[in-house]
Amino acid sequence: MASQILHKNSSRALPESSCCDDPLKTLSLELVRDTLVRIEDSIVFALIERARFPLNSNAYDASYLGNHRGHGGRSISEVFVRETEVIEAKLGRYQNPEEIPFFTDDLASPFVPAFNYPQVLYPAAASVNVSKDIWDMYFKNLLPLIASEGDDGDYVSAAAADLVCLQVLSRRIHYGRQVAEVKFSDAPQDYSPAIRAKDRNTLMKLLTFESVEEMVKRRVEKKAKVFGQDVTLNDKNNSTDFDGEPNCKVDPSVVGQLYSEWVIPLTKVVEVEYLLRRLD
Ligand SMILES: C=C(O[C@@H]1C=C(C(=O)O)C=C[C@H]1O)C(=O)O
């Protein structure tokens with residue numbers, strides 16, 4: 001197993017010289033929660049960026065491109081994600097256990113030297129994947145809530161912003177695997193009977209902390225308010241205590257809804273599915 005740790009403020013690996021023998025011992029619940037807090041910032045900024053563009057529905061219309069260069073049946077947005085993942089796979093992005101591609105069919109092996117990412121996941125459980133649910137949720141549910149009606153013709157900019165949103169949502173939701181690993185490692189005696197019995201309901205109860213979820217939802221709404229307001233040097237226009245209702249670039253209640261209806265539930269599905277494979 002790689003002798004690396006996850007740094008407190010980063011999900012990136014630090015080199016061996018920084019630490020200990022067993023990365024599992026350094027991956028605490030506190031550290032994985034810190035990582036989830038940091039990813040919240042990335043999610044809110046990604047949504048703000050996508051909200052700059054109108055919906056641009058042609059970017060999601062599979063017939064819009066015709067059969068140009070063999071891309072028939074795929075929207076601009078899908079082509080953008082697939083082609084980006086092809087180059088990112090070649091450059092080793094998916095060797096990082098925190099990154100999961102949306103489309104695996106066209107991906108080649110990396111041609112760059114391998115980076116020694118810490119392997120903290122249990123191999124039989126690491127393959128848990130809800131990318132299809134994330135994709136459907138993003139385009140069907142979330143996008144219409146953050147993008148205004150309309151079409152400015154700049155489809156590639158909208159698709160580029162979508163890709164950032166999709167990748168960071170995927171990283172957050174699939175981080176449920178690391179969360180589940182820590183929870184299991186902290187209390188295998190609590191989880192093992194339910195895993196052996198394939199008892200999803202009990203696993204869901206064991207891993208749920210309602211007070212943490214409530215805090216997460218309130219915090220992301222606040223981040224949407226803070227990060228999404230126009231900052232000026234005119235004190236009258238800027239509330240520093242955020243008690244007023246600033247003009248937000250993305251509706252804070254939509255960000256709260258994103259977390260309560262989709263991000264947290266999908267993270268918990270990932271946690272349960274991971275745990276079910278944890279004793280294989
Ligand atoms: C991620 C955790 O597990 C669960 C999922 C949460 C989430 O997705 O934010 C929060 C609390 C738990 O119910 C955790 O305990 O921190």
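Annotation: side chain of S192 is in contact with side chain of L279 (closest heavy-atom distance under 4.5 Å). Counting heavy atoms from C-beta on, the side chains of D230 and K249 come closer than 4.5 Å. Using a 4.5 Å heavy-atom threshold, the side chains of R219 and Y259 count as separate.
Residues V182 and S28 come closest through the heavy atom pair CG1-C, 3.6 Å. The two residues D186 and L29 make their nearest non-hydrogen contact at OD2-CB, 4.4 Å. Closest of all the heavy-atom pairs between V250 and L47 is CG2-CB, 4.3 Å.
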What pairs of donor and acceptor atoms, side-chain ones from residues 120-129 against any protein atom, are under 3.5 angstrom apart with sequence neighbours left out?
{"from": "Y122", "atom 1": "OH", "to": "D280", "atom 2": "O", "distance (Å)": "2.6"}
{"from": "N129", "atom 1": "OD1", "to": "S131", "atom 2": "N", "distance (Å)": "2.8"}
{"from": "N129", "atom 1": "OD1", "to": "S131", "atom 2": "OG", "distance (Å)": "2.8"}

What side-chain donor-acceptor pairs closer than 3.5 Å can you find for residues 134-146, not counting sequence neighbours?
{"from": "D136", "atom 1": "OD1", "to": "K132", "atom 2": "NZ", "distance (Å)": "3.3"}
{"from": "D136", "atom 1": "OD2", "to": "K132", "atom 2": "NZ", "distance (Å)": "2.7"}
{"from": "Y138", "atom 1": "OH", "to": "D162", "atom 2": "OD1", "distance (Å)": "2.6"}

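Taking the ring axis of F103 as reference, the NZ or CZ atom of R82 stays within 45° of it and closer than 6.0 Å to the ring centre.
One finds no salt bridge joining K217 and E221 here, because no Lys/Arg side-chain nitrogen approaches an Asp/Glu carboxylate oxygen to under 4.0 Å. With respect to the salt-bridge test (charged N to carboxylate O, under 4.0 angstrom), the residues R200 and E273 qualify. R172 has no carboxylate O lying under 4.0 Å from a charged side-chain N of E40, or vice versa, which leaves the two without a salt bridge.
For the residue pair Q167 and E88, a side-chain donor N or O sits within less than 3.5 Å of a side-chain acceptor on the partner. Y155 and D151 are linked by a side-chain donor-acceptor pair at a separation below 3.5 angstrom, with hydrogens and angles left out of the test. No hydrogens or angles considered: a donor-acceptor pair under 3.5 Å links the side chains of E181 and S185.
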